[in-house]
Visitor: 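The structure follows.
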Amino acid sequence: MSQLLLQLLEGTLTSLKIFFLTLLFSLPLGIVVAQGRMCRNKLVSGIVNVYIMIMRGTPLILQLIFVYFAPYYVFGASFNRFTAVIVAYVINYAAYFAEIYRGGIQSIPKGQYEASHVLGFTKLHTFTHIVAPQVVKRIIPAMGNEVITLVKDTALAQTIGVAELFRVAQNASAREFSTMPIFVAGLFYFIMNMVVSKTFDKIETKLAYYN
Amino acid sequence: MHVISVKDIRKGFGDLQVLKGISFDVDKGEVLSIIGPSGSGKSTLLRCITQLERIDGGAVEICGDTLATTDDDGTVVYSDKATLRKIRLQVGLVFQNFNLFPHFSVMRNIMEAQVHVLGSPKEDARRVAVELLRKMGLEDKADAYPCQLSGGQQQRVSIARALALKPEVLCFDEPTSALDPELTGEILKVIKELAAEKMTMVVVTHEMAFARDISDRVIFMDDGIIAESGTPDEVFGHPKNERTKKFLARFE
C-alpha cells in the first residue's frame, strides 16, 4: 500500500509539473492572444481567430499527438515527450484564456478608458492599472472553471507516454489486478481541485472589497 | 489669450452631422453654460474639446496652443503628441456618470494622475488630495471605495480628481443628470463655490435656474449650431431666437 502511494505521489508530481508549467506560460500568452484577437488589423485578428477556432474546435488529445509527432515528419526530430505536452497544453489553454480575457476586457465600461484618457494616463498605464485589475475580478469565476479542467486534463499526457498520475494508477491497477489504484488516483485529483477551488474562493473574497 | 477658442468646428457620426460649425471663446475666470435640447450636440462639443472625439473641421485652441486646425484643402491637422498631452492636462472633464475607478480608494482616485502623469511625489499628491477632499466636504471618505458613496459624493470625488491636476479650465458634462434630485444641490453648490474662486468652467447642463445663477455667459445650442448666446439675462430674460423661447418655455 505504501509502495502504491509512493508511486501515485510520484505521478502526482509529474501532473503538478504539467499543471504549473502550463499555467506559467499560458496565462501570459493568453494576454497576447487576446490582444491579437482584438487587434484592429483584420489580418492579425483573422489569423488569431483561426488559431483559437482550431484550438477550441479539436480535441486536446489530438493536438497533443500532433505536437509530438508532426515535427518528425517535417524535421525528422521532435521535442522530448514532456516538452511536447507542455507546448500542446500551453497553446491550447492560451486560446481558452484569451477568450476569457477578451470577454473581461470588453466588459469594462468605455467611461473607464475615457476618464483615463482625460487624466492623461498612457495606454499602457490605463491597461495595467485601470483595466487589468478590474478584468481580473470579473474573470475569476470563468478562470476557476478552466483551471479545474486543466487539473483533469493533465491525465491526457499519458497519450504520448508521459507517466503522470493517471498512467501510474492504471499501471498499478494492471499489475495488481485491482481497480483500487484508479480510485485512489481519483481521490488525488479531487483533493488537488479542492485546493484550486479554495484558492479561487480566496481570490474572489479578496477582490470583493469593491463592486 | 483665450483659455478656449473654438472656430467653426464640425463633427459628424456617419451621415449624422452633430456639430455644424460652432465658434466661441472662453476667457480666464469665465463660466460658460451650454444649454439646449438633447441631441443638440452639447456633449459632443465638450468631447471634442477634451480630445475624446476628433473634429472633422474647424480649429480648437487651448491656452494659446493649437489642438487642431484645418488646412486650406479641408484636412484636419492635430498637433503633435506632446502638445496634445500638454493640452489634455489643462482641460479637466467631469463626466455625467462620474467614471471613478471602482478598484481604487477615493484617495487613490485623486492621487493616481498626480503621481503617474504629473510625476508629483506621493506625499505632495496626498496633501493635494486631502485639501481637495476637505473642500468637497469628504475628508472622512479618503479610504472609502466609490461603491460605498452616494452618487453626489462620487461626483464630488470626480470633481476633486479633475481639480487635482490643476487644470486651466474644468468642463462639466451634465454633472447632475445621473443624480437623484435631492443630491443635485450638493454638486451645484460645489460648482458655485468654484465659480466664486474664479475657476474657468464650461458647464453643459439641464439645470436652467443654476445656469442662470452661475454663468457669465450662456450658449443655447440647437441642432448642431449655436442658436443664441449672451449673458444669462439676455438668453433667459429676453431670448430673441424663437427656438430658445420655445425651449425655455418648457422650464417655466
Visitor: When you compare the side chains of B/Thr184 and B/Thr176, does any donor N or O come within less than 3.5 Å of an acceptor on the partner?
Guide: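 No donor-acceptor contact under 3.5 Å links the two side chains.
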Visitor: Cation over ring, B/Arg54 on B/Tyr78, under 6.0 Å and within 45°?
Guide: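 That pair qualifies as a cation-pi contact.
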Visitor: Looking just at side-chain N and O atoms, do B/Asp65 and B/Thr83 make a donor-acceptor pair shorter than 3.5 Å?
Guide: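 Judged by distance alone, the side chains do not pair up.
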Visitor: Counting only heavy atoms not in A/Tyr72, do more than 12 sit closer than 6.0 Å to its OH atom?
Guide: yes
Visitor: For A/Phe183, is the CZ atom crowded, meaning more than 12 foreign heavy atoms sit under 6.0 Å from it?
Guide: no
Visitor: Strictly less than 4.5 Å between heavy atoms, which residues of residues 126-149 of chain B line up against chain A? Please order them by number.
Guide: B/Tyr145, B/Cys147
Visitor: Considering all heavy atoms of both residues, which atom of B/His206 and which atom of B/Ser177 are nearest to each other, and what is their separation?
Guide: CD2-OG, 4.2 Å
Visitor: Between A/Lys17 and A/Ser15, does any side-chain donor sit less than 3.5 Å from a side-chain acceptor?
Guide: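 No donor-acceptor contact under 3.5 Å links the two side chains.
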Visitor: Taking side chain as everything from C-beta outward and backbone as N, CA, C, O, which of these in B/Leu165 sits under 4.5 Å from a heavy atom of chain A? Side chain, backbone, both or neither.
Guide: side chain
Visitor: In plain terms, say whether A/Glu114 and B/Arg47 are close enough for a salt bridge, that is, a side-chain N and a carboxylate O under 4.0 Å apart.
Guide: yes
Visitor: Between atom CG of B/Leu67 and atom CZ of B/Arg88, what is the distance when rounded to the nearest 0.5 Å?
Guide: 9.5 Å
Visitor: When you look at CD of A/Glu10, are more than 12 heavy atoms from neighbouring residues, nucleotides or ligands closer to it than 6.0 Å?
Guide: no
Visitor: Hey, does A/Leu156 have a side-chain heavy atom less than 4.5 Å from the side chain of A/Tyr89?
Guide: yes
Visitor: Checking an interface table here. Which of residues 107-116 of chain B come within a heavy-atom distance under 4.5 Å of chain A?
Guide: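 Those residues of residues 107-116 of chain B which have a heavy atom under 4.5 Å from chain A are B/Arg108, B/Glu112, B/Ala113, B/His116.
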Visitor: What residues of residues 98-105 of chain B sit under 4.5 Å from chain A when you count only heavy atoms?
Guide: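 The list, in residue order, reads B/Asn99, B/Leu100, B/Phe101, B/Pro102, B/His103, B/Phe104.
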Visitor: With no hydrogens and no angle check, is any side-chain donor or acceptor of B/Glu30 less than 3.5 Å from a backbone partner on B/Asp27?
Guide: yes
Visitor: Looking at side-chain heavy atoms only, is the closest gap between B/Val169 and B/Ile4 below 4.5 Å?
Guide: yes
Visitor: Going by atom types alone, do B/Thr205 and B/Glu174 pair a side-chain donor with an acceptor below 3.5 Å?
Guide: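 No donor-acceptor contact under 3.5 Å links the two side chains.
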Visitor: Heavy-atom distances under 4.5 Å only: say whether A/Tyr209 touches chain B with side chain, backbone, both or neither.
Guide: both
Visitor: Would you indicate whether the side-chain heavy atoms of B/Val94 and B/Asp173 approach each other to under 4.5 Å?
Guide: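 No; the side chains remain at least 4.5 Å from each other.
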Visitor: Is the shortest heavy-atom distance from the side chain of B/Phe13 to the side chain of B/Thr44 under 4.5 Å?
Guide: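 Yes; the side chains approach each other to less than 4.5 Å.
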Visitor: Classify the ring geometry of A/Tyr93 against A/Phe97: parallel below 30°, tilted from 30° to 60°, perpendicular beyond 60°.
Guide: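 Rings of A/Tyr93 and A/Phe97: tilted, as their planes differ by 30° to 60°.
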Visitor: Does anything in residues 116-149 of chain A get under 4.5 Å of chain B by heavy atoms, and if so which residues?
Guide: A/Ser116, A/His117, A/Val118, A/Leu119, A/Gly120, A/Phe121, A/Thr122, A/His125, A/His129, A/Ile130, A/Pro133, A/Gln134
